[in-house]
Amino acid sequence: MNGGLLVAGTTSDAGKSVVTAGICRWLVRQGVKVAPFKAQNMSLNSFVTREGAEIGRAQAMQAQACRVEPSALMNPVLLKPGGEQSSQVVLLGKPVGELSARGYHGGRQRQLLGTVLDCLAELRGTYDAVICEGAGSPAEINLRRTDIVNMGIARNARLPVLVVGDIDRGGVFASFFGTVALLSREDQELVAGFLVNKFRGDVGLLEPGLDMLHGLTGRHTYGVLPFRHGLGIDEEDGLRVSLRGTVRESSVAPPVGEDVLRVAVCAIPLMSNFTDVDALAAEPGVVVRFVDRPEELADADLVVIPGTRGTVPALEWLRERGLADALVARAREGRPVLGVCGGFQMLGEHIEDDVESRKGHVDGLGILPVRVRFAREKTLTRPVGEALGEHVEGYEIHHGVADIHGGETFISDGSGHSLDGCRVGQTWGTHWHGSLESDGFRRAFLREVSAAAGRRFVPAPDTSFAALREEQLDRLGDLIEQHADTDALQRLIESGAPQGLPFIPPGAPA
């Protein structure tokens with residue numbers, strides 16, 4: 001095999017990331033050397049590669065599905081929203097500045113096409129197949145002229161396009177037809193067909209519609225994937241995080257001890273890397289929920305303040321909603337609080353920010369003996385250390401530099417020298433994302449939390465977050481293998497879009 005594929009969607013959140021990961025895992029199980037690619041990603045959930053490059057977490061997850069190390073080539077452009085109007089632009093893993101949406105789409109985006117194509121060409125020269133993920137919809141006709149992630153990349157790289165539609169939302173047939181009909185003739189020539197996602201019920205009832213869709217468009221439906229709970233791993237859109245009752249819908253085993261442990265995650269603005277709490281949610285007996293009111297902290301055994309793209313605005317939000325006072329009171333009472341990255345910075349005494357919010361000196365919550373200064377250079381590392389007597393790994397993505405002048409060491413190098421974070425009583429803070437994925441450390445941390453909370457909670461002795469993630473990726477591969485036309489999909493990846501696909505009017509407006 002020596003080919004590629006672009007997985008597009010009728011809408012945002014149609015399932016492109018999950019389908020891409022599933023195709024990658026299916027291919028690698030067939031012995032294909034495969035890599036993921038997303039030319040441009042907008043996400044507040046990011047990851048740091050071993051070479052110190054920042055990419056979207058979805059692409060890191062897809063690389064894991066491929067059983068390869070993630071690299072900046074797999075996500076050359078990452079946009080990190082700082083609000084409704086601007087984003088930090090991360091190019092080949094490094095921040096290069098802030099741009100408004102108008103400034104980016106007005107010219108900067110098109111300038112990046114050469115870089116994006118070079119990265120894709122390098123991957124295609126190294127791997128047997130490259131499975132690319134689009135963004136939003138390919139039929140966003142207002143953005144087509146500068147597009148580098150959907151039909152712009154497909155046209156330049158001659159990639160066949162598979163359009164994914166979420167039937168659980170309704171209107172999937174109209175979405176499929178309308179997507180094709182709003183593309184130019186040249187773009188339509190690359191749209192090979194469709195993939196129905198999140199179907200519930202008897203597929204036989206759907207088949208007449210699929211036959212009519214083929215008659216209307218001349219395009220094949222490559223599969224109907226059934227609805228499955230718990231497959232929404234490493235979501236991208238940090239601006240649209242819903243305040244769900246739980247982080248994941250997947251079922252877990254009952255508690256090992258007599259009690260459950262309740263974790264409340266403050267749903268702060270521009271929340272980033274909220275995937276940090278996934279490892280907690282995977283523990284039997286741990287109940288995780290997002291909260292935005294102080295009264296919701298009352299019954300929590302642990303409160304987590306996650307990372308954010310806007311530390312100072314998030315701190316203001318905590319104060320406006322009364323959560324700041326509740327957190328300070330909670331810390332004084334010796335009830336557990338964990339701050340991660342931006343959450344850690346908010347727990348300190350003060351913040352000097354002339355970089356992100358440009359608000360200058362801002363008082364923190366004053367719970368931890370930490371002073372934070374925002375540097376223009378972003379810290380991007382993959383550190384390793386020891387905490388609570390256990391090995392711990394993580395990754396750092398932050399502009400804030402912490403001056404710690406008290407408290408207990410949280411994460412050390414194993415010889416007693418502090419590496420990151422601090423602890424005062426039952427309040428912990430660290431810049432390390434992903435630390436709770438280290439199983440031994442997570443169990444030790446939960447034992448401390450349950451003791452402080454007076455809960456008869458016992459961490460499961462055999463929960464492996466890495467193994468659970470592998471099982472999840474295998475489930476995605478199973479979905480493709482069992483419910484997609486894999487022979488047709490393989491031909492599509494190897495040979496490109498079928499010749500002679502009909503043009504569906506009206507096409508893109510002139």
Side-chain angles (χ1 to χ4, degrees), residues 228-235 241-268 271 273-307 323 326-327 329-340 343 387-390 392 423 425-430 433-469 471-472 475:
R228 290 286 186 268
H229 286 285
L231 294 180
I233 50 181
D234 291 359
E235 291 125 337
V241 178
S242 59
L243 300 181
R244 293 172 292 182
T246 56
V247 178
R248 293 290 174 259
E249 295 175 315
S250 53
S251 60
V252 293
V256 174
E258 297 179 47
D259 288 343
V260 299
L261 207 64
R262 295 173 176 85
V263 179
V265 184
C266 295
I268 55 179
M271 193 190 320
N273 287 66
F274 54 90
T275 49
D276 283 337
V277 297
D278 283 356
L280 293 178
E283 280 284 346
V286 175
V287 180
V288 179
R289 65 186 190 273
F290 291 109
V291 303
D292 62 353
R293 297 191 301 271
E295 56 269 24
E296 293 178 294
L297 305 187
D299 67 343
D301 302 307
L302 169 67
V303 174
V304 178
I305 313 173
L323 284 160
L327 287 165
R330 182 184 180 88
R332 286 176 180 161
E333 294 165 2
R335 302 179 67 198
V337 176
L338 171 66
V340 180
L388 304 180
E390 299 286 347
V392 60
R423 172 185 182 179
Q426 296 303 319
T427 300
W428 296 265
T430 176
H433 294 291
S435 61
L436 293 167
E437 295 179 18
S438 298
D439 297 326
F441 165 69
R442 183 179 65 255
R443 286 192 277 269
F445 178 70
L446 290 175
R447 282 192 289 270
E448 292 243 1
V449 168
S450 60
R455 296 287 186 189
R456 289 169 293 184
F457 168 84
V458 178
D462 55 354
T463 301
S464 167
F465 186 75
L468 290 172
R469 172 53 57 85
E471 289 175 14
Q472 217 169 14
R475 289 176 67 200

Considering non-hydrogen atoms only, spot the tightest contact between [X] and [Y] and give its length.
X: Val303; Y: Cys266; answer: CG1-SG, 3.8 Å
X: Trp428; Y: Pro336; answer: CZ3-CB, 3.9 Å
X: Phe465; Y: Ala282; answer: CD1-CB, 4.2 Å
X: Val392; Y: Ser435; answer: CG2-CB, 3.6 Å

*With sequence neighbours left out, write down each residue that passes salt bridge (Lys or Arg N to Asp or Glu O under 4.0 Å) with Arg455, or none if nothing qualifies.*
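So Arg455 forms a salt bridge (Lys or Arg N to Asp or Glu O under 4.0 Å) with Asp301.
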*Sub-3.5 Å donor-acceptor pair from the side chain of Glu296 to the main-chain atoms of Arg293, do we have one?*
yes
Quick one: side chains of residues 440-453, donor-acceptor pairs under 3.5 Å with protein atoms, not counting sequence neighbours, listed by atom name and distance.
unit_1	atom_1	unit_2	atom_2	d
Arg442	NE	Glu283	OE2	2.8
Arg442	NH1	Leu436	O	2.8
Arg442	NH1	Asp439	OD1	3.1
Arg442	NH2	Glu283	OE2	3.1
Arg442	NH2	Asp439	OD1	2.9
Arg442	NH2	Thr463	O	3.4
Arg443	NH1	Thr463	O	3.0
Glu448	OE1	Arg423	NH1	3.1
Glu448	OE1	Arg423	NH2	2.9
Ser450	OG	Leu446	O	3.1
Ser450	OG	Arg447	O	3.0

side-chain hydrogen bond (donor to acceptor under 3.5 Å, both in side chains) involving [X] - partner list, sequence neighbours excluded:
X: Asp299; answer: Arg289
X: Glu333; answer: none
X: Arg332; answer: none

*With rounding to the nearest 0.5 Å, note down the distance linking CG in Asp278 to CD in Glu437.*
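Atom-to-atom, Asp278:CG and Glu437:CD are 8.0 Å apart.
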*side-chain contact (heavy atoms from CB on, under 4.5 Å) assessment of Leu297 paired with Leu323*: CA-CA 8 Å; Leu297 305 187; Leu323 284 160; 3.8 Å; yes
_Sole residue of Ile268, Val304, Val265 in side-chain contact (heavy atoms from CB on, under 4.5 Å) with Phe290_ = Val265
*How would you list, by chain and number, every residue that makes a side chain to side chain contact (heavy atoms under 4.5 Å, CB included) with Pro255, sequence neighbours excluded?*
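Per chain and number, Pro255 pairs via side chain to side chain contact (heavy atoms under 4.5 Å, CB included) with Val260.
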